[in-house]
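No hydrogens, no waters, no symmetry mates; every other heavy atom, side chains included, goes into these values.
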Amino acid sequence: MNGAPPVAVIGAGMAGLACAQLLAEAGCRVDIFEKSRGPSGRMSTRRAQDPQGAWQCDHGAPSFAAQDPEFVQEVRQWEQLGVVAAWRPRAVRLQGKDVVPADAGPDRWVGVPRMTSPAAFLVQRLAQQGHGARLHLQATVQQLQYESACWTVHCAEHGQIGSEYCALVLAVPAPQAAALLEPVSPYAAALAASARMQPCWVAMLRTDAPLPLDWDAAEITDGPLCWVARDSAKPGRQGPQVPQGPQTWVLHASARWSQDHIESDAESVARQLLQAFEALAGPLAGSLSDSLPGGLRVTAHRWRYALPAPHLVNRCWWDAPAGLGLCGDWMCGAGVEGAWLSGRALARRALATLTR
């Protein structure tokens, strides 16, 4: 195809950004549509302000591993540029009342100074590509049209955005992709609908003083919670530098508990997860569940589509005649690495068609 092929990418999480980056490097003109106020998808950070000052908490992906050689190389570049750092928390496993040291496993990585930093870096790099890339934020795609081998994108906030595209990439959770695709590609919609994704409720907690716990992260085998961590102990945060100052903790509910409470309100979920944390950690100073009514000091967020269970095995899906592709961790493996690999794999398959 002559000129700069125009491509629409729906979703500015890691899969969408990785795909868009490779497409732009190859000379495509890329428009990215994201319903949120910023990029990063589930590599998300909540920031808030209360009378004690500003605070933040990574309430999406808490960290990520890097094992694939290509992704390892990418992460090392991020490390050199200061947007990620290795995190080696003091980790334990809580089995009933037993505290068991946990296997450290491979290095875990976190964004610096927050989990959104790698995505912000990729957006900046995209803007510097030869043909550039446009990121449309708060653009909720609600309708796709395919006519005369061209795609158009319609958003709830702005109507049709951009012009016509010779290719369309969906880098969103499988259920969202299925709903968008049903009117235009029943086969792709059925493929997306075949994937299953588990929910996750997450509570974020800020304390005025350190909690008397000698670990930073814990895997939990029983009860509502499955994982908790001292978020402020991550590299680039306040923890090690201000050992006696405020702390932030993130509390992840199990998939089963989250599903059972999927339509509960955030305030009641925050209270229940906080109470479960108190039961594990022992009574916390001042009885946090009584003194923190919900608002700025403890809050909860629902990820309706948090983790694939299990993922599909194709890495990505590409319909060359229609110029239509699907990518995401639900096609390649849970987590940041799976999303990045899926986006790159789709970009390569698309370029084999678009740059002929």
Side-chain angles (χ1 to χ4, degrees), residues 42 44-48 50 52 55-63 87 89-102 108 110 114-115 198-234 237-240 242-262 264-303 306-307:
R42 280 166 281 161
S44 189
T45 303
R46 177 73 58 88
R47 287 186 280 178
D50 66 18
Q52 283 69 43
W55 61 286
Q56 69 174 42
C57 189
D58 297 331
H59 65 296
S63 62
W87 182 39
R90 297 171 296 168
V92 298
R93 180 178 295 106
L94 302 181
Q95 300 172 325
K97 296 185 179 297
D98 296 329
V99 180
V100 182
R108 307 297 298 182
V110 297
R114 57 190 65 92
M115 282 300 290
Q198 297 177 331
C200 182
W201 271 107
V202 180
M204 294 150 274
L205 167 67
R206 181 185 188 274
T207 67
D208 288 335
L211 300 185
L213 299 172
D214 58 1
W215 44 264
D216 299 315
E219 177 187 348
I220 302 159
T221 58
D222 303 302
L225 295 169
C226 66
W227 192 84
V228 301
R230 195 190 319 255
D231 194 81
S232 51
K234 292 178 178 178
R237 278 66 168 179
Q238 64 170 10
V242 191
Q244 299 306 314
Q247 291 183 344
T248 54
W249 287 80
V250 60
L251 320 176
H252 285 234
S254 69
R256 181 173 181 176
W257 192 94
S258 296
Q259 185 61 58
D260 290 343
H261 296 79
I262 191 67
S264 297
D265 64 275
E267 183 174 347
S268 68
V269 166
R271 281 190 173 277
Q272 291 179 74
L273 295 184
L274 184 58
Q275 290 167 357
F277 183 44
E278 285 187 296
L280 291 169
L284 304 179
S287 184
L288 290 174
S289 58
D290 293 331
S291 63
L292 301 180
L296 294 175
R297 300 291 301 282
V298 59
T299 186
H301 179 86
R302 178 186 62 194
W303 294 100
L307 295 170

Any side-chain to backbone donor/acceptor pair from Lys234 onto Pro62? Under 3.5 Å, distance only.
yes
Checking Thr207 against Trp55 for the side-chain contact (heavy atoms from CB on, under 4.5 Å) test, could you report, in this order, the C-alpha distance in whole Å, the side-chain angles of both residues, the deciding distance, and whether it holds?
CA-CA 10 Å; Thr207 67; Trp55 61 286; over 6 Å; no
Could you tell me whether the side chain of Arg46 and the main chain of Thr299 form a donor-acceptor pair under 3.5 Å?
no
Rounding to 0.5 Å, atoms OG (Ser258) and CG (Leu273) come to a distance of 7.5 Å
Closest approach of Trp201 to Asp265 (non-hydrogen atoms, all atoms of both residues)
CH2-C, 4.4 Å
Indicate yes or no: at least one non-hydrogen side-chain atom of Trp227 is less than 4.5 angstrom from one of Val202.
no
Yes or no on side-chain contact (heavy atoms from CB on, under 4.5 Å) for Thr221 and Leu94, after CA distance, side-chain angles and deciding distance?
CA-CA 6 Å; Thr221 58; Leu94 302 181; over 6 Å; no
If we ignore hydrogens and angles and just use 3.5 Å, is the side chain of Ser254 paired with the main-chain N or O of Cys226 as donor and acceptor?
no
Ignoring hydrogens and angles, tell me if any N or O in the side chain of Arg302 forms a donor-acceptor pair with the backbone of Ala266 under 3.5 Å.
no
If you measure from CZ on Arg93 to CD1 on Ile220, what distance do you get to the nearest 0.5 Å?
11.5 Å
Restricting to non-hydrogen atoms, name the atom on His252 and the atom on Gly60 that form the minimum distance, rounded to 0.1 Å.
CE1-O, 3.6 Å
Ala61 backbone acceptor or donor facing Ser44 side chain under 3.5 Å:
no
Would you give the length of the straight line joining atom CD of Gln272 to atom CG of Leu225, rounded to the nearest 0.5 angstrom?
10.5 Å
Could you work out, with side-chain contact (heavy atoms from CB on, under 4.5 Å) as the rule, every residue matching Asp222, not counting sequence neighbours?
none
Can you name the closest pair of heavy atoms from Cys200 and Ala253 and give their distance?
SG-O, 3.6 Å
Going by the rule side-chain contact (heavy atoms from CB on, under 4.5 Å), which residues pair with Thr45 if we only count those two or more places apart in sequence or in a different chain?
Arg47, Gln56, Asp58, Arg114, Met115, Thr116
How many angstroms lie between atom CG of Leu211 and atom CG of Leu205, to the nearest 0.5 angstrom?
6.5 Å
To the nearest 0.5 Å, what is the distance between CD on Gln275 and CD on Glu278?
7.0 Å
Checking Trp303 now: which residues fulfil ring pair (Phe, Tyr, Trp, His ring centres under 6.0 Å) with it, not counting sequence neighbours?
His59, His301
Thr248 backbone acceptor or donor facing Ser232 side chain under 3.5 Å
yes
Ring centres under 6.0 angstrom apart (Trp215, Trp249):
yes
How long is the straight-line distance from CE of Met204 back to SG of Cys57, given to the nearest 0.5 Å?
6.5 Å
Tell me, do Val100 and Val92 make a side-chain contact under 4.5 Å, heavy atoms counted?
no
